[in-house]
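Here's the structure, in structure tokens; my notes come after.
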Amino acid sequence: CLNSGWEFIFDDIISEVCPILASATSKVKDLFLSSSSEEEDIPSELISDSLRCGRELSREAKKRANRLVKNGVGLEACSPALLHFFSSKLSSDAKKASEVSHELLTATKIMQMKLCSTTDVTPNTFISFLENQCIQPHEIYCKPVSVSCTGSNKYRSIDGTCNNLRHPTWGRRGAPFTRLTSPRYADGIYAMPVATSGRPLPNPRLLSTRIFADRSIFSRVLSHLNVQWGQFITHDLVFQVMEVTDEGGIQCCLGNGRDILPQELLNDKCIPICVSDDDPFYKNHGIKCLNFVRSVTTPRDDCSLGHAEQMNTVTSFLDGSPIYGSDPILAAKLRSKCGGRLREETRKNCKGSFLPSVDDKLAVCDLRNISEPCYLAGDSRINQTPTLAVLHTLLLREHNRIADILSSLNPLWTDEKIYQETRKIVIAEIQHITYQEWLPLNFGESYLRYYRISPSSLYSRDYNEEVNPGAINGFGAAAFRFLHTVIPDTIMSCPSNSGTGYLYKLSDHYFNPGLVESTPESFDDIIRGIVTNRAGEADPHCTEEIANLLFKSSNKWGLDLIAMDIQRGRDHGIASYNDYRETCGLKRARTFQDLAGEISQDRINALAKFYESVDDIDLFVGGALEGDVSGSILGHTFQCIVAEQFYRTRIGDRHFYDNSEMPHSFTPDQLKEIKKASMARLICDNTNVKYVQKKAFELESSYNPKYHCDDYNAIPYVDLTAWKRPKFELYD
Ligand code: HEM
Ligand SMILES: [Ca+2]
């Protein structure tokens, strides 16, 4: 189970594909023996030979990967592994960047192998040596990303470019994730990390079953909608996709999970999760291997060589990209091109509208028959669960509702003008609901105010163009995934005419949003259910619906999201928990017992049982076991990473909704209206639900009672008349 990622590079292959490089060895050796200083340059022919050879080897590996799938080593129909790939599609430019990245990483690895086998250079000194050299490959190997910003930049671009006019690539779709701490790759470049002893890290599935085991405790405060909003904004900020071949997704296991594939059939991007014979769940199903594939990487903007960086395939701004898309081609496809509206579908007997259908339903949904819905939205994860689809639908309706009002207020506005103004309002509402309602509830109001994360007065003047709004790797591949432990195990549906709620198992509905439209009232019933159903308690325990049955389709078993979270952190070379403790201002632990300030004794004992050294603990595991910070559902280290992300997402966004004194800033009248937006009002304005609690992310209680949607004092209404403009503004 320990693939490093470099299985395709052998010395004999190098000499076959790149004979020049093989003979370069002695020259390199001389260079290093003669110089102990790091000032010496790597000979330029070694660099160019490595690049050429990296390209050759990488292309060979790609051909082999395609061949394997073509020859039958592919994903089986209706398998959990296939469903996991449903949302892993790459646009052609992202695919190209990923290929270039693979070539550069392979070249870097070859250089390292040559230097380390012939000199005293260790993997770590190699990386710092490389960084000092700041090698930029010739443009035929990698073209630096350059964006020029023209025009007024009054509205956000779809792909996030030109938000920051000094650093126009920051926050764009396709950018490398940023890091708070140096990565932990075994070889400093890309190889899967190992323990400090050099032995394997503990098995992720073992950690999942022993530390995160199911214990059904529900939150007494938070609603399912609180969790669902969390996933929705996750999808706005981050999307790492897995490597695929031109022929389809990658299979790493034999016989749908009965064993791991033999090395000769294994793709080098495979990092399957092995399951032990005595696994409490999988032993009953004969499952020994869970399919898992490495994330796509991308070159740095300047193409410089170094360790791997994963690609964020969506804009990292909180900019409604799950609704509008991060890619201009998709964004255009989602528009109706009339009245500023987005495409929608209506149904007989249903008052509200629904998302449009994808072109090829069977390629991205797990349907029992083709008449069931499968939606198209700005984010390809849309169909993952019915409640995610419900939130997408709600925001689609909000866009079209606002577009209709704006066009009646300003009848001469063009489709483009209405679309852009509406998009701006919807994004502002999403930002307001997130920063004013959702973040304080989950992470503590006073904490967020203290760190200037929550907006306070009407306008803010906090925009700082030197703050990179990029997504932090440790946020997406570890800290924010802690919220997987609060996912409830059911989807609740509450018909208006009965006092009862019906519960559906989450695992019966992955990639099948049919529940949303099973009757004309289903959509509203699920909305009532999602504000009534409880979230899971914020402890490390999580439901088996995601820890044994994720994407189970018609099988009796599925994948384990918690084991995947741990393995993904390793795939991304996320620094250890101990490194992050230091980054976040805690003392580095020298012994397990040093964790006692943050982690309870029984949990420390569990960690000491599985990890050899306190330095080996994965960020996801250590962070999840910390006791909560007062007022937050997170412990200190996760709180620090999540807060840093939302700080950057706000301060580094030129278009953040309450920024003042920008050419595109809202007028005071408009901003006052936007600040009335709430989750409850979003529901009231876009469904047939009549009563909802004022704080919809919290359960109904005597302190948070339900109000009628017509009660505009309790649930204020965003009045759009502030957007009525004089006719002369037609052409701006
Ligand atoms: C039923 C609900 C959910 C399901 C089924 C689900 C499933 C998944 C899956 C399959 C992945 C990709 C795993 C991988 O390949 O590494 C993922 C990633 C992730 N999830 Fe969830 N998730 C859910 C809810 C949430 C919630 C509520 C949050 C946070 C509030 C969240 C945060 C994340 C994050 C941050 C990632 C990494 C995203 C990326 O970089 O692509 N998820 N989730
Ligand atoms: Ca975004």
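All residue numbers refer to positions in the sequence shown, counting from 1. One-based numbering, in listed order, for ligands and for the atoms of each. Just so it is clear, the model here is predicted, and its values are computed rather than measured.
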Q: Using heavy-atom distances, let me know which of T313, T234, L83, N442 sits nearest atom 35 (C) of ligand 1.
A: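 That would be T234.
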Would you say [X] touches ligand 1, if touching means a heavy atom closer than 4.0 Å?
X: W229; value: no
X: R381; value: yes
X: Q228; value: no

Q) Would D565 and H484 satisfy side-chain hydrogen bond (donor to acceptor under 3.5 Å, both in side chains), going step by step from the backbone distance to the final call? A) CA-CA 9 Å; D565 290 336; H484 284 153; 2.8 Å; yes
With heavy atoms of [X] as the reference, note each atom of ligand 1 found under 4.0 Å away.
X: Q240; answer: 14 (C), 15 (O), 16 (O), 39 (C), 40 (O), 41 (O)
X: V227; answer: 27 (C)
X: L483; answer: 29 (C), 30 (C)
X: T385; answer: 1 (C)
X: F551; answer: 10 (C)

The Ca ion (ligand 2) contact by [X], N, O or S atom under 3.0 Å:
X: S321; value: yes
X: T315; value: yes
X: F317; value: yes

Just wondering, are more than 12 heavy atoms of other shown residues or ligands nearer than 6.0 Å to [atom1] in [X]?
X: K505; atom1: NZ; answer: no
X: K552; atom1: NZ; answer: yes
X: I329; atom1: CD1; answer: no

Q | Protein heavy atom at shortest distance from atom 2 (C) of ligand 1 | A |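 Result: I487 CD1, 3.4 Å.
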Q. Any nitrogen or oxygen of R568, main chain or side chain, under 3.5 Å from a nitrogen or oxygen of ligand 1?
A.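 The answer is yes, given that R568 and ligand 1 share an N or O pair closer than 3.5 Å.
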**Q.** Under 3.5 Å: N/O of W438 near N/O of ligand 1
**A.**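 No - when backbone and side-chain N and O of W438 are compared with those of ligand 1, no distance drops under 3.5 Å.
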Q. Quick one: does F620's side chain get under 4.5 Å of I574's, heavy atoms only?
A.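 No, every pair of side-chain atoms sits at 4.5 Å or beyond.
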Q | Identified ring-ring contact (aromatic ring centres under 6.0 Å, His included) counterpart of F646 within the set F317, Y447, F480, F656 | A |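 Going through the options one by one, the only one that passes is F480.
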Q: Answer yes or no for C252 and C289: SG-SG distance under 2.5 Å.
A: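 A disulfide is absent here, as the SG pair of C252 and C289 is separated by 2.5 Å or more.
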Q) What is the ring orientation for Y190 with Y185, classed by angle as parallel under 30°, tilted 30 to 60°, or perpendicular over 60°? A)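 If you compare the ring of Y190 with that of Y185, the planes turn out tilted.
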**Q.** Of all N/O/S atoms in D319, the name of the one nearest the Ca ion (ligand 2)
**A.**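 Distance check against the Ca ion (ligand 2) picks out OD1 in D319.
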Q. Is there a side-chain hydrogen bond (donor to acceptor under 3.5 Å, both in side chains) between W170 and S316 once you walk through the steps?
A. CA-CA 9 Å; W170 280 5; S316 64; over 6 Å; no
Q. Side-chain donor-acceptor pair under 3.5 Å between S91 and D327, yes or no?
A.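 On atom types as modelled, these side chains do not qualify, holding no pair under 3.5 Å.
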